[in-house]
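Some notes on the structure that comes next.
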2 protein chains.
Amino acid sequence: MADALKKDRSAIRLAPMEVPKASDVLANELRERILTGEFTEDTPLPPERELVTQTRMSRSTVREALRILEVQGLVRIKAGRAGGAFVQRPSKDAVETSVSLVIRGQQIRLAALLETREAIEPFCAQLAARYRTEDDLKVLDAANEAIADTGSTLAAFLQANVDWHVGVATASHNELLIGLMTALSRAIYTATENERFINDEVRRLAAKAHVSITRAIRARDPEAAVRRMNRHVHSYAQAVLEVEERTEISVPNNGA
Amino acid sequence: MADALKKDRSAIRLAPMEVPKASDVLANELRERILTGEFTEDTPLPPERELVTQTRMSRSTVREALRILEVQGLVRIKAGRAGGAFVQRPSKDAVETSVSLVIRGQQIRLAALLETREAIEPFCAQLAARYRTEDDLKVLDAANEAIADTGSTLAAFLQANVDWHVGVATASHNELLIGLMTALSRAIYTATENERFINDEVRRLAAKAHVSITRAIRARDPEAAVRRMNRHVHSYAQAVLEVEERTEISVPNNGA
DNA sequence: GATGGTCTATTGGTCAGACCTAAGTTACCA
DNA sequence: TGGTAACTTAGGTCTGACCAATAGACCATC
């Protein structure tokens, strides 16, 4: 009987419940209204003190809600008269920062980064060859010039490298790919900058490949673009990983 | 003379400066320390009042900083005794929410989403064919069974669909690709669920393609996997975009 | 001895009110 | 007319108080 009772009582199951915070409630409300397009871009939200009287919440609560939306890229906050919270559509920057955080936070292996680039970038090149504008080409040419300067520092080379790769992504005119490639390129930059990954030979080869891919993009030749980009990122990855392997081996050997 | 003086004085050039907010300074400091691994997962940060005395900032400033980190997925905050801010590594969830925000903000066309999947997923399939384990295959098989159930609801079909695609990414054993595909799949799910994108024909074709790709992955045949996945996601994208185009056209026509 | 109530200490959540700082607007004076 | 001082509006920060959630200890009841 007691057993039956126990069984009956624990038979009632409830899911863990969430009790939302006041600031979350306000943030959610505003977020929905922004995303459904009720507030258009650059619409100023009411001033904080006005929101306080409207919502009957305290100013700190209102401010926390606004801070949430700011971090999510949904509003931009300006101080001073005629300042306030202005509605913004979250852009590729939001994607970029969150991807960067994941890459940095999860200590993603360099190999995984390079693999991911191998996945994404050939496709970017293909789209770029289809949709590139004259302005896109200018960016690529400028980066190519900077890369060709063999006298430049490693940092300058890597920066120009990032510019070129991001330029290709930009030429794809796909916001999501742009955000991903920006985050990826920067991550690969920082992962390779302190090492002896990059020697003159690698730089020479990269410069050559970039020029040839740029030519395919200019000529609106998607097949060539995807093929060459594939080869380029793959061989670059191989070169870097070879160095990494040698390094990995040499370090434990010293310790042993 | 006065002129010379003026000239001399404006010869000193300064770049426009950014004065960071106190809360940002604290958030940045904590973020760096978390990302560099100084604080390991689940480490509790000091209580707010303790941070107040350490930093000599006010509690509202400290709280805003913590709120920033919380939104970025770097800490998890619990109320009550033994509560506080606990360090977290940002996971794919963070990417997913920001991608969804960008998508919902309509900065991203459904076409861009599908394009991005076309970029990433064939490569995932290729890696999966190389590195899959027996457990990975079990997940894929289970999803395939659920998809084959033609009597299921649309929601069930889409969920099984997501499970399969994420399963392929998981089998690639590349953390970054797993995160990206999880975010992407869910985004595509929500973008297509309320529509008449998915008819029985699409479901049948998807089920067939999944089985055949799964076979290639099981057989450790990267070339077949990449080729079939390419064809699958491309034709799926085409089917969805055709529906979208018809819809786009029909709506203005009704208004005119 | 399992169940539930009560108390207490700790910690985040919210509130109210003050003052500081940034940045447009306006008015006034040289 | 042009510069600048004063005013106004807005976010940024600070202080101090109280509320609410939670964990743990102890106790009462059946």
Exercise for review: Between D/dA23, D/dG12, C/dC15, spot the one nearest the side chain of B/K21, thanks.
Suggested key: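 The answer is D/dG12.
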**Study point:** Within residues 43-54 of chain B, residues whose heavy atoms come under 4.0 Å of DNA chain C
**Key:**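 Listed by number, they are B/P47, B/E48, B/R49.
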For the pair [X] and [Y], find out whether any cationic side-chain nitrogen is under 4.0 Å from an anionic carboxylate oxygen.
{"X": "B/D141", "Y": "B/K138", "answer": "no"}
{"X": "B/R63", "Y": "A/E64", "answer": "yes"}
{"X": "A/K21", "Y": "B/E70", "answer": "yes"}
{"X": "B/R33", "Y": "B/E29", "answer": "yes"}
{"X": "B/K92", "Y": "B/E175", "answer": "no"}
{"X": "B/E121", "Y": "B/R117", "answer": "yes"}

Exercise for review: Would you indicate what B/S60 reaches in the nucleic acid, counting non-hydrogen atoms under 4.0 angstrom: base, sugar-phosphate, or nothing?
Suggested key: base
Could you state the atom-to-atom distance from [atom1] of [X] to [atom2] of [N] in whole Å?
{"X": "A/R63", "N": "D/dT15", "atom1": "CZ", "atom2": "P", "value": "15 Å"}
{"X": "B/R56", "N": "D/dT15", "atom1": "CZ", "atom2": "C1'", "value": "17 Å"}
{"X": "A/I77", "N": "D/dT13", "atom1": "CD1", "atom2": "P", "value": "11 Å"}

Practice item. Look at A/S58 and C/dT14 and indicate whether a side-chain polar atom (N or O) is within less than 4.0 Å of OP1 or OP2. Key: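 Checking A/S58 against C/dT14: no side-chain N or O falls below 4.0 Å of OP1 or OP2.
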Practice item. Test for a donor-acceptor pair under 3.5 Å between the base of D/dG12 and the side chain of A/R67, counting only N and O atoms. Key: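 It does not, because no donor-acceptor pair links the side chain of A/R67 to the base of D/dG12 below 3.5 Å.
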**Study point:** Donor/acceptor link under 3.5 angstrom from B/R81 side chain onto base of C/dT11
**Key:** no
Revision key, fill the gap. What residues 22-34 of chain B contributes to the DNA chain D interface at heavy-atom separation below 4.0 Å is B/A22, B/S23
